[in-house]
Amino acid sequence: MKIYDSILITGGGGMLGHALADLLVLRGLKPISLNHSQLDIADRSALARAFAEHEPTLILNCAAHTKVDLCEQETEKANAINGTAVGEMAALCRASGAVLVHVSTDFVFDGSSRRPYLPGDPVNPLSAYGRSKWLGEQAIQENSPSRWLIVRTAWVYGRHGANFPRTMVQAARAGKPLTVVSDQIGSPTHTPDLAAAILDLLDTGASGLWHVTNSGQTNWYDLAKATLAEFGVRAEISPISSSEWAQKRPTSAIRPGYSVLDLSALQRQIARPMPPWRQGLADFHEAVQREGF
Ligand SMILES: NC(=O)c1ccc[n+]([C@@H]2O[C@H](COP(=O)([O-])OP(=O)(O)OC[C@H]3O[C@@H](n4cnc5c(N)ncnc54)[C@H](OP(=O)(O)O)[C@@H]3O)[C@@H](O)[C@H]2O)c1
């Protein structure tokens, strides 16, 4: 079976779903991309019907409950979408022989590491979102499709959908003063770079657990400043600590203070370095100038 014969993208309306579909089309392939209203992955029978109808040889699961703060109140829903549904998908892949690519998160870690996280490092999610995504990872391993990839990524943004750089630019353009957390460190990741690395990993025949982000690290405050400079927007912007932010927004989820992911295994496997995050940001700006948000 050739894996690219029938490609099904779930969560196709989201940032990564769009980027993967665009890249596959550029490569001359014809993915079937279903958004949330076309396929609710938490609806077991709808998922089974989608498998029966499209007979996918490759599933790229980009569907997730990604509203991190809301997941604190919607724990069951988060677990159903990010956990149980992923297990169902894995079981369907095991039965059909389809390859499963699932996307997970740096939020499975607690941020206590002082060096970039390796894929095999122990997890300890701090938030309901992180726990639900960890459930999804475990469900794949329990249901063990013949070939699966779990791709953990972080701080994702792209032209389609709500994300941090876009929010910063739009708020600054609206003349709003910005207060941004300065003590959380991670790697901003532009969706086209993430999508390209996922497809490159698939092309190498890889399976298992991978860390994929743009390279380098920063904090949210510096990312906001870099974004505004890149887009040429001026704004009043001040840093705030995570603990001060938590006092202002008591319902927000706890995020890891450090969640840089180690890319060495990935870069060896795909035989190229990941683009630095500043390059991703410049490419994002160019794409927005060309095609709008
Ligand atoms: N965004 C980040 O910073 C980040 C960081 C680390 C990992 N990730 C992971 O990356 C993957 C891709 O996310 P993204 O960044 O592209 O976020 P996104 O833009 O929010 O995309 C997620 C998509 O999933 C859809 N969705 C939600 N519930 C669904 C359901 N029950 N059935 C089908 N679709 C459903 C959403 O549709 P609606 O909006 O219509 O509900 C949305 O279009 C996810 O697995 C996410 O956990 C993201």
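No hydrogens, no waters, no symmetry mates; every other heavy atom, side chains included, goes into these values. Atoms within each ligand, like the ligands themselves, are counted from 1 in listed order.
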Visitor: Between S241 and E244, does any side-chain donor sit less than 3.5 Å from a side-chain acceptor?
Guide: yes
Visitor: Is it true that L20 and L266 fall in one hydrophobic cluster, defined by side-chain heavy atoms closer than 4.5 Å?
Guide: yes
Visitor: With heavy-atom distances below 4.0 Å as the criterion, list the atoms of ligand 1 near A63.
Guide: 24 (O), 33 (C), 34 (N), 35 (C)
Visitor: What is the closest protein heavy atom to atom 39 (O) of ligand 1, and at what distance does it sit?
Guide: K67 NZ, 4.2 Å
Visitor: For ligand 1, which atoms sit closer than 4.0 Å to a heavy atom of T153?
Guide: 6 (C), 7 (C)
Visitor: Taking 4.0 Å as the limit for heavy-atom contacts, which would you say applies to S37 with ligand 1: side chain only, backbone only, both, or neither?
Guide: neither
Visitor: For ligand 1, is any non-hydrogen atom under 4.0 Å from I81's backbone (N, CA, C, O), its side chain (CB onward), both, or neither?
Guide: side chain
Visitor: Decide whether L47 and I140 are clustered together by the hydrophobic rule: side chain heavy atoms of Ile, Leu, Val, Met, Phe, Trp, Tyr closer than 4.5 Å, transitively.
Guide: yes
Visitor: Would one find an N or O of Y129, backbone or side chain, under 3.5 Å from an N or O of ligand 1?
Guide: yes
Visitor: Could you list which atoms of ligand 1 come closer than 4.0 Å to a heavy atom of K133?
Guide: 44 (C), 45 (O), 46 (C), 47 (O)
Visitor: Could you tell me which atoms of ligand 1, counted from 1 in the order shown, lie closer than 4.0 angstrom to a heavy atom of C62?
Guide: 12 (C), 22 (C), 23 (C), 24 (O)
Visitor: Has ligand 1 got any nitrogen or oxygen that is less than 3.5 angstrom from a nitrogen or oxygen of G11?
Guide: no
Visitor: Applying a heavy-atom cut-off of 4.0 Å, say which part of L39 lies close to ligand 1: side chain, backbone, both or neither.
Guide: backbone
Visitor: Specify the protein heavy atom at minimum distance from atom 32 (N) of ligand 1: its residue, its atom name, and the distance to 0.1 Å.
Guide: I41 N, 2.9 Å
Visitor: L16 to ligand 1: N or O pair under 3.5 Å?
Guide: yes
Visitor: Counting each atom of ligand 1 from 1 as listed, which ones have a heavy atom of D40 under 4.0 Å away?
Guide: 30 (C), 31 (N), 32 (N)
Visitor: Here's a test for you: under side-chain contact (heavy atoms from CB on, under 4.5 Å), which of V151, L209, L261 qualifies with P119?
Guide: L209
